[in-house]
Amino acid sequence: MRTSWADSADNSAIGSGNGNFSAHPPRGAYVPPHLRNRSMSSEAPAVSHSPAPLPVNDRGNPGGAAPHQGGGGYFKADQGRQQGYGSGYQTGGGWNGRGAGRDRGRREVNPFENDEADDKSVEQEGTGINFEAYDDIPVETSGDNVPPPVNTFAEIDLGEALNHNIQRCKYVKPTPVQRYAIPISLSGRDLMACAQTGSGKTAAFCFPVISGIMREQYVQRPRVARTAFPLALILSPTRELSCQIHDEAKKFSYQTGVKVVVAYGGAPITQQLRELERGVDILVATPGRLVDLLERARVSLQMIRYLALDEADRMLDMGFEPQIRKIVEQMDMPPPGMRQTLLFSATFPKEIQRLASDFLSNYVFLAVGRVGSSTDLIAQRVEYVLESDKRSHLMDLLHAQRENGICGKQGLTLVFVETKKGADALEHCLCVNGFPAASIHGDRTQQERELALRSFKTGNTPILVATDVAARGLDIPRVAHVVNFDLPNDIDDYVHRIGRTGRAGKMGLATAFFNESNLSLAKPLADLMQEANQEVPAWLTRYAARAAYSGGNRNRRSGGSRFGGRDFRREGSFNKSTDYYSGGNGGGAAGGYGNYGGGGGYGQGVTSAWD
Ligand SMILES: Nc1ncnc2c1ncn2[C@@H]1O[C@H](COP(=O)(O)OP(=O)(O)OP(=O)(O)O)[C@@H](O)[C@H]1O
């Protein structure tokens, strides 16, 4: 039975290539059901590490493009580098003819259709990214032979179809993380990238993956009934974030022939299975649902060329690490060196970097700092509020906001609380007091979660009360105010929470309610605010001094830093003889960054229930 595009592809080359990664599984390794009772070596398809030439079939090349010629071929000739595949791209229908090869009869939905309507209906807040503010952004790269950054999308030959989609997204220039991360990824290197919230990391990992798959024409995939063989896997910690990445990736890959599918928990699996059967190149997933699909043998990872972990530090913390290890190390995914691995987050504690290095091979570490403090986009306020006064204080804020707006404009307000019960109670309290609010947390059904988010995004309920399930990654352009009703225990969680505002060049406001129960956060919070040139109240400085004196600060970011993380390899313990700091590759790396304090243990928030 022909069940998918992947299955329908000619598999004559299976096993005939260099298939050198897949000899036998290590002793005790998990063998997915569809591979049991088979000889691994005879079943393994030809997989070569990108950017080595990949198998092409004999159907010719409808786009007339020169096949990809190996490493270094991604830049245009005027970059003094080998001409890549540029002239061969065609828009519409896919340069590599992939679109015609599967999913026959299904018209590709135009993901930009709604954007045009939104442009007209939603008030445009600001002019988008203020790229001038990025000129003095601190950037550090470390690793061997780091490819240089680019200044424009035109310098990188991503392919015409993808370039067209970049224009449709109205991205005129790459953001700093994109300037560095895209050339590094296109050169085939593994990457650990740390860049501030809202700075365009999604595109930074999606563009090279999509472009790479466009280049890899006609990759032969095994023919195993009802098993999908994606070429790329993007994992994220929450269902909502996976959906958002899927939506973005669909836009970027429109009319490229690259097929993106999402799989996440809490939603009926049958629909997701049907999508997978229709063919998948890029699978965006939450870990729990992916493990389910792998155990049912409905997905195999043996063809994976690209693995991207968004919010990678969260994915490797104690809540998720076992699942991630199972997916990456104990199933049938090619090992590091045989796949390309891209890890992205706004924060990268050293102990997580150490864990993450198991998944990487000769990687580049990229740290893009916050923009110069005078142009920081998020105004941070901290107020001393007793537990018993929090509700009335919040309502006072909301009243004032209703009268005067936030920075003169009406926008959405996201309120973070610690517990699910607390979220329900606060939502109820706000609603009965005349403030239309919704809430989102892990005890809500997926349908309720999606409804709440939609109602918030459209402004029907301009207040969303949330637990940390909404802290990472969500890109909601009109969030003008983030209130930390309950502060988190971990300063990195604070960084991600406030990052829901002030995105992509827009201004935002973050207000935190602080009291005695937040003592451990006093010093890192005061440090963080100071670095961002925010006004630190004298009482907070006193609490910070007290916390430091009593040794109560177990937060990782105990030292100041304009980065959310710095390469742990630069701390003498890792390969002392190598100078990993390349510094001068045009990034304008500024001096004087404070030490990234190793600090105490990593926060133990168990979050695996998120997906
Ligand atoms: N080059 C660009 N030009 C203009 N806008 C961009 C560009 N790149 C990304 N954006 C927009 O910036 C916003 C933030 O991007 P994205 O969600 O990828 O940020 P992020 O770095 O992943 O944030 P977080 O750390 O919170 O997950 C999105 O609305 C995206 O469309």
Side-chain angles (χ1 to χ4, degrees), residues 111-112 115 118-119 122 124-134 137 149-156 158 162-163 165-182 193-209 234-238 240-252 284 308-315 342-348 366-371 377-378 414 457 468 470-479 482 492-506 508 510 563-565:
F112 297 97
D115 289 6
D118 286 351
D119 279 356
V122 175
Q124 293 296 293
E125 299 169 36
T127 54
I129 295 181
N130 172 10
F131 282 96
E132 272 161 32
Y134 286 141
I137 201 163
V150 293
N151 289 312
T152 63
F153 286 121
E155 283 172 57
I156 336 161
L158 290 165
L162 178 48
N163 277 338
N165 293 332
I166 293 172
Q167 283 163 18
R168 287 173 168 134
C169 287
K170 304 188 177 73
Y171 295 178
V172 178
K173 272 177 83 173
T175 64
V177 65
Q178 293 164 3
R179 288 182 53 221
Y180 284 80
I182 294 173
C194 184
Q196 71 181 116
T197 52
S199 64
K201 293 189 287 295
T202 314
F205 61 75
C206 280
F207 289 176
V209 169
I234 299 174
L235 291 172
S236 96
T238 67
E240 289 76 15
L241 183 52
S242 283
C243 288
Q244 180 181 297
I245 296 169
H246 172 248
D247 291 346
E248 290 288 284
K250 291 276 274 192
K251 287 183 183 174
F252 303 148
V284 185
L309 301 190
D310 195 15
E311 311 298 342
D313 57 331
R314 171 61 83 213
M315 302 301 281
L342 309 170
L343 308 184
F344 280 74
S345 184
T347 50
F348 252 119
L366 166 67
V368 183
R370 289 187 291 276
V371 293
L377 298 165
I378 305 170
L414 184 52
K457 281 181 178 172
D468 260 334
R472 285 186 176 241
L474 295 186
D475 183 49
I476 305 169
R478 291 171 64 216
V479 174
V482 169
D492 283 351
D493 291 338
Y494 173 84
V495 168
H496 286 276
R497 285 181 179 187
I498 68 169
R500 296 318 97 211
T501 187
R503 297 179 72 75
K506 295 189 175 110
F563 299 106

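Both ligands and their constituent atoms are indexed starting at 1 by order of listing.
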Notebook entry, point to check: Does R472 come within less than 4.0 angstrom of ligand 1, counting non-hydrogen atoms of the residue?
Noted result: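 No, R472 has no heavy atoms under 4.0 Å from ligand 1.
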Next item on the list: Consider ligand 1: state whether an atom of it lies below 4.0 angstrom from any non-hydrogen atom of H496.
Entry: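 In this structure, H496 fails to qualify as a contact of ligand 1 - no heavy atom is under 4.0 Å.
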Number the atoms of ligand 1 from 1 as they appear, then name those within less than 4.0 Å of a heavy atom of [X], with their elements.
{"X": "T175", "value": "1 (N), 2 (C), 7 (C), 8 (N)"}
{"X": "T202", "value": "16 (P), 17 (O), 18 (O), 22 (O)"}
{"X": "R503", "value": "14 (C), 16 (P), 17 (O), 19 (O), 20 (P), 23 (O), 24 (P), 26 (O)"}
{"X": "S199", "value": "19 (O), 20 (P), 21 (O)"}
{"X": "Q196", "value": "21 (O)"}

Check: Distance-only, no hydrogens or angles: does the K201 side chain make a donor-acceptor pair with backbone N or O of Q196 under 3.5 Å?
Finding: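 A pair under 3.5 Å: yes.
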Check: Quick check: does any side chain N or O of T238 sit under 3.5 Å from a backbone N or O of L241, one acting as donor and the other as acceptor?
Finding: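 Yes; at least one donor-acceptor contact below 3.5 Å.
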What about [X]: any of its N or O atoms under 3.5 Å from an N or O on ligand 1?
{"X": "P174", "result": "no"}
{"X": "D310", "result": "no"}
{"X": "T197", "result": "no"}
{"X": "E311", "result": "yes"}
{"X": "K170", "result": "no"}
{"X": "G198", "result": "yes"}

Closest to [atom] among [options] (heavy-atom distance):
{"atom": "atom 29 (O) of ligand 1", "options": "L474, D475, V177", "answer": "D475"}
{"atom": "atom 21 (O) of ligand 1", "options": "K201, Q178, K173", "answer": "K201"}
{"atom": "atom 3 (N) of ligand 1", "options": "F344, F205, Y171", "answer": "Y171"}

Checklist line | Closest non-hydrogen atom pair between E311 and H496, with its separation | finding: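 The pair with the smallest heavy-atom distance is OE1-CE1, 3.3 Å.
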Note to self: Can you give me the closest heavy-atom contact between R500 and A470, atom names plus distance?
What the structure shows: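 Closest approach of R500 to A470: CD-O, 3.6 Å.
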Checklist line | With D310 via side chain to side chain donor-acceptor pair (under 3.5 Å) - residues at least two apart | finding: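 Residues passing side chain to side chain donor-acceptor pair (under 3.5 Å) with D310: none at all.
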Item checked: side chain to side chain donor-acceptor pair (under 3.5 Å) partners for R503, two or more places apart ->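 Side chain to side chain donor-acceptor pair (under 3.5 Å) check on R503 returns D475.
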Item checked: Carboxylate-amine/guanidinium contact D492 R472, below 4.0 Å ->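 Looking at R472 together with D492, the answer is no, because their closest N to O distance does not fall below 4.0 Å.
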Next item on the list: Test F344 against T202 for side-chain contact (heavy atoms from CB on, under 4.5 Å), laying out the working first.
Entry: CA-CA 9 Å; F344 280 74; T202 314; over 6 Å; no
Next item on the list: If the plane angle is over 60° it's perpendicular, under 30° parallel, otherwise tilted; pick one for F153 and Y171.
Entry: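 Rings of F153 and Y171: parallel, under 30°.
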Check: For I182 and L158, what are the C-alpha separation, side-chain angles and deciding distance, and is it a side-chain contact (heavy atoms from CB on, under 4.5 Å)?
Finding: CA-CA 10 Å; I182 294 173; L158 290 165; 4.2 Å; yes
